[in-house]
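Any value given below was found using the heavy atoms of this structure, including those in side chains, with hydrogens, waters and symmetry copies removed. Below, chain A is the first sequence line, B the second, and so on; all start at residue 1.
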Amino acid sequence: MTKKDKKPTKEQEYLSGWQRCQADFLNYKKNEGVRLKGLVDYKIEEWAIEILKIIDLFERAEMETKKTKETEGFLHIKKYFESFLFDQKIEKINTKIGDKFNPEFEEVLETEEGDEDGVIIDIIQKGYTFNDKVIRPTRIKVTKKL
Amino acid sequence: MTKILGIDLGTTNSAMAAVIDGEPKIIENKEGARTTPSVVAITSNNERMVGVIAKRQQVTNPEHTVFSVKRLIGRKFSDVDVQKDLKLMPYEIREASDGSVEIKMGEKWHKPLEISAMILQKLKQDAEDKLGEKIDEVIITCPAYFDDSQRKATKVAGEIAGFKVKRVINEPTAAALAYGLTKNEDQQIVVYDFGGGTFDISVLEVSKDTVEVKSTLGDTHLGGDDFDQKIIDWLVDKFKQDNGIDLSQDKLALQRLKEGGEKAKIELSTAMETEINLPFITSDASGPKHLNYKLSRANFEEMVKSYIDTSIDLVKKALSDSKIDKSEIDEIVLVGGQTRMPKIQEEIKNLIGKEPRKDINPDEVVAMGAAIQGGILKGDMKDVLLLDVTPLSLGIETLGGVNTVLINKNTTVPTSKKQVFSTAVENQPSVEIKVLQGERPMATDNKTLGRFILDGIPPAPRGVPQVEVSFEIDANGILQVSAVDKASNKTQSIRIEGTCGISDEEVEKLKKDAELHAEEDKKKKELIEAKNQADALVYTVKRTLDEAKDKIKDEEKKEVEAAAEELNKVKNSDNLEEIKSKSDNLSKLIQKIGAQMYQDQQKTSEPEEGEVKEETKEETKEGEVKGEKKEEPKEEDKKEQ
């Protein structure tokens with residue numbers, strides 16, 4: 001005995017259409033959320049890179065000038081910037097002199113003759129990450145065996 | 001349904017896109033960037049790196065870091081362009097036994113297409129990770145001027161990377177597709193593409209099912225990077241004049257000048273003047289020196305005038321080659337980041353008298369177009385389904401060194417054509433069939449794809465013998481040329497498969513190597529993850545033991561400490577199995593202690609309900625593991641707060 005296909009009623013058709021519409025909307029909402037987060041993160045990254053340049057300048061100034069009461073005040077401003085970035089989950093890459101160069105986090109700007117390849121001998125510019133993404137690699141000088 | 005990936009395989013950078021929910025979207029790479037540097041390297045440890053990672057180590061490993069491989073793909077070593085590039089590339093290039101190019105990277109010599117395959121393989125893996133699904137099919141773009149062997153090489157590169165290459169389409173065509181310009185027939189489009197390292201101009205004509213490239217020209221060594229360099233040179237000169245110090249010798253200063261120059265260039269696209277402010281750029285005996293110069297848009301335009309003029313001259317020439325009057329041009333499409341410069345937009349607008357299309361990100365428009373073509377093939381989108389066409393005309397050399405075309409360029413494949421030729425001298429016993437590819441009227445100016453001799457023609461006055469030459473291109477673009485003497489029925493033929501200098505067997509072998517490499521990558525990833533987890537676990541265990549030292553029995557503590565020590569010993573090795581088993585062991589021991597501590601605590605604080613007690617226990621366990629992952633690996637993973 002065969003069972004005849006039952007034609008869906010109008011109600012069923014509308015209900016299924018409404019359910020599909022709801023599902024589409026939920027998916028859209030989810031995707032939009034991801035997209036918006038991406039946009040916000042992208043913006044944070046963009047301005048964080050600019051603020052990092054300001055911190056770089058403070059560091060350069062710190063190296064080049066004698067420490068006085070006045071300069072100390074400026075270094076507090078630097079700290080203010082640093083803690084602000086820290087709150088935004090911008091983290092410093094922990095590159096150490098003497099470590100082996102890791103291109104995942106570091107970029108070589110200069111080399112100097114050495115006994116082995118790729119040992120970090122100078123940190124030229126500090127690197128940072130945001131949400132585990134390298135937004136600026138640490139720029140370094142490494143040894144190169146000739 | 002799986003997606004077709006669209007890849008813009010660029011000279012300096014590559015980008016990928018796919019149609020997602022009916023719209024083309026750029027897919028970010030593993031590093032979170034929308035474009036990937038087209039750079040591949042092999043380190044002294046024989047480790048392969050692709051993209052930004054390869055670029056970061058370029059300074060320390062220039063001999064084994066290959067960039068701009070697109071300039072070499074599918075070309076002969078003797079090619080004039082290859083000879084020019086030889087002098088510019090820091091890596092070793094030689095002529096292969098078949099006359100093609102080989103590049104030394106690590107200990108091995110590679111064909112350029114193998115290097116391109118490595119870039120494509122990285123993009124494939126990243127796209128699969130990002131989208132969470134397997135991607136097997138791809139559309140790859142190439143410049144409109146690429147000949148058959150360069151296209152074939154691009155296709156083979158895709159195949160080695162593990163893709164089924166659905167189409168290799170022209171970059172300008174992809175850009176036109178992204179703007180939806182191919183929907184209307186009989187449109188004439190100018191695509192002005194100013195990339196990082198190359199400039200291309202193409203004139204397209206859209207007709208039913210095909211987009212014909214009417215003309216294409218370019219400068220393979222002119223790009224946006226030259227514009228940046230002009231600003232850097234200007235800053236270095238000016239600073240030298242004012243302070244007597246040469247900044248080009250100071251790597252950090254140069255890096256800052258590069259960033260500052262690029263920023264100024266971008267700012268001048270919207271502002272009339274910008275300030276390049278680089279305090280503490282250097283120092284001498286008198287103390288620190290600061291760089292602070294103003295650059296106006298007019299000044300900058302003056303600096304790069306010759307570049308813009310060159311590009312505009314090429315547009316004029318391309319238009320004249322295409323025999324299309326500028327008044328007949330319907331659309332202008334801008335591609336490449338440099339086209340954001342207002343002066344460029346103004347010049348091209350003044351020349352053609354139309355506002356150029358620039359609303360899609362010019363760095364991404366080609367990849368978007370490739371994705372759209374993929375979408376059309378899958379039926380996700382409606383537009384022109386581009387048919388495969390012969391990019392250049394095919395013919396033979398005839399009397400007086402003339403190129404007699406049998407199959408015109410842009411003919412859709414498969415196709416075939418026959419034509420009867422005769423002898424040029426009395427009693428000529430044989431004819432030489434020289435197969436040519438190209439648009440130039442004289443045979444010597446075109447590329448010779450192959451040759452063969454048909455002999456045994458019975459003696460006869462010139463012009464009497466009838467030699468029928470037939471050209472046949474199958475759906476895979478393979479050309480078969482044959483010649484038959486109608487009197488004797490003697491036949492000779494040649495089979496020409498876009499000579500990218502690599503046999504099918506080699507392709508198969510390389511495909512297997514690539515798969516193997518992907519497998520290795522997977523294992524490497526697994527190992528790194530296991531190491532990170534082991535690091536985190538050891539840290540958490542240490543913390544737990546410290547925090548709860550009074551609540552743990554001595555022998556239990558000792559047992560956990562011993563297990564932690566064992567893991568510590570192996571966690572920096574490459575033995576995945578051992579790291580995993582030691583981690584499991586430590587994890588079990590610490591969980592046991594955790595559970596014991598909760599039980600002890602609950603005994604003292606009298607829980608209300610059994611069920612709730614169980615749940616809390618589970619949740620906390622989960623929380624611990626999450627905590628480990630979130631906090632500690634970052635520090636161990638080279639980050640500090």
Side-chain angles (χ1 to χ4, degrees), chain A residues 24 27-28 31 35 38 41-42 45 49-50 53-54 56-65 86 89-96 99 101-112 116-118 122 124-125 127-145, chain B residues 20-21 23 25-26 28-34 39 41 43-45 47 49-63 65 249-256 258-260 263 277-284 287-290 528 629-630 633-641:
Chain A
D24 281 347
N27 279 335
Y28 169 79
N31 292 341
R35 196 182 68 87
D41 283 355
Y42 177 74
E45 199 184 310
I49 290 173
E50 286 307 309
K53 286 181 191 161
I54 302 175
D56 288 346
L57 290 176
F58 273 115
E59 279 171 1
R60 296 281 296 184
E62 194 181 347
M63 273 195 302
E64 304 276 356
T65 45
F86 176 71
K89 307 271 180 279
I90 311 284
E91 296 168 24
K92 202 183 289 168
I93 297 172
N94 185 21
T95 301
K96 288 193 201 107
D99 274 2
F101 153 58
N102 177 358
E104 295 276 351
F105 296 97
E106 292 129 12
E107 179 178 316
V108 179
L109 279 196
E110 261 183 293
T111 59
E112 197 177 278
E116 57 175 315
D117 271 337
D122 193 12
I124 302 173
Q125 194 181 44
Y128 294 85
T129 60
F130 170 55
N131 281 346
D132 285 345
K133 175 183 169 184
V134 176
I135 56 169
R136 188 174 86 183
T138 313
R139 293 192 165 120
I140 52 165
K141 189 175 181 178
V142 298
T143 53
K144 190 169 165 71
K145 200 175 161 189
Chain B
I20 298 166
D21 298 332
E23 267 181 57
K25 288 201 175 99
I26 287 288
E28 289 180 355
N29 63 14
K30 194 181 90 185
E31 293 81 22
R34 294 168 77 85
V39 184
T43 65
S44 49
N45 304 331
E47 197 180 337
M49 291 173 180
V50 184
V52 73
I53 309 287
K55 209 175 161 188
R56 284 185 193 149
Q57 56 82 65
Q58 193 170 10
V59 172
T60 181
N61 185 27
E63 316 82 33
T65 305
Q249 300 309 310
D250 179 342
K251 298 286 180 200
L252 175 62
L254 207 57
Q255 176 68 30
R256 290 180 67 197
K258 256 187 212 166
E259 286 171 6
K263 194 172 163 233
N277 179 16
L278 302 169
F280 298 100
I281 189 79
T282 187
S283 63
D284 63 6
K289 300 271 175 224
H290 314 295
I528 293 170
K629 271 191 185 168
K630 263 190 184 161
K634 282 182 188 163
E635 196 172 86
E636 296 292 326
D637 228 350
K638 304 211 88 172
K639 273 169 266 167
E640 72 178 11
Q641 296 195 343

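- Looking only at distances, no side-chain donor or acceptor of B:Lys251 sits under 3.5 Å from a matching main-chain atom of A:Leu109.
- For B:Glu23, there are no salt bridge (Lys or Arg N to Asp or Glu O under 4.0 Å) partners two or more places apart in sequence or in a different chain.
- For a residue to count as touching a neighbouring chain, one of its non-hydrogen atoms must lie under 4.5 Å from one of that chain's; by this rule B:Gln58 does not touch chain A.
- Only the side chain of B:Gln255 comes within less than 4.5 Å of a heavy atom in chain A; its backbone stays farther off.
- Atom-to-atom distance recorded for B:Ile20:CD1 and A:Asn31:CG is 9.0 Å, nearest 0.5 angstrom.
- With rounding to the nearest 0.5 Å, the separation of CZ in B:Arg256 from CG in A:Leu57 is 5.5 Å.
- When heavy atoms are compared at a cutoff of 4.5 Å, A:Glu59 does not approach chain B at all.
- Looking at A:Asp56, neither its backbone nor its side chain comes within 4.5 Å of chain B, counting heavy atoms on both sides.
- Interface residue A:Arg60: backbone and side-chain heavy atoms are both found under 4.5 Å from chain B.
- Residues B:Lys25 and A:Arg35 are not in side-chain contact: their nearest non-hydrogen atoms beyond the backbone lie 4.5 Å or more apart.
- Ranked by heavy-atom pairs under 4.5 Å with chain A, the list B:Pro288, B:Ala54, B:Ala33, B:Gly287 is led by B:Pro288.
- Here the straight-line distance linking atom CG of B:Leu252 with atom CZ of A:Arg139 works out to 9.0 Å at 0.5 Å rounding.
- In terms of the side chain to side chain donor-acceptor pair (under 3.5 Å) criterion, residue partners of A:Asp41 (sequence neighbours excluded) are, by chain and number, A:Lys37, A:Asn131.
- Here the CD atom belonging to B:Glu31 is positioned 7.0 Å from the CD atom belonging to A:Glu104, to the nearest 0.5 angstrom.
- Within the 4.5 angstrom heavy-atom criterion, only side-chain atoms of A:Lys53, from C-beta onward, approach chain B.
- With a 4.5 Å cut-off on non-hydrogen atoms, B:Lys55 does not touch chain A at all.
- The heavy-atom pair separating B:Gly32 from A:Lys133 by the smallest distance is O-NZ, 3.1 Å.
- Annotation for B:Thr60 and A:Thr143: closest pair OG1-O, 4.4 Å, computed over non-hydrogen atoms.
- Distance check: B:Arg34 CZ to A:Tyr42 OH gives 8.0 Å after rounding to the nearest 0.5 Å.
- Contact between A:Phe105 and B:Arg56 at its shortest, heavy atoms only, is N-NH1, 4.1 Å.
- Rounded to the nearest 0.5 angstrom, A:Glu64 CD and B:Thr282 OG1 are separated by 7.5 Å.
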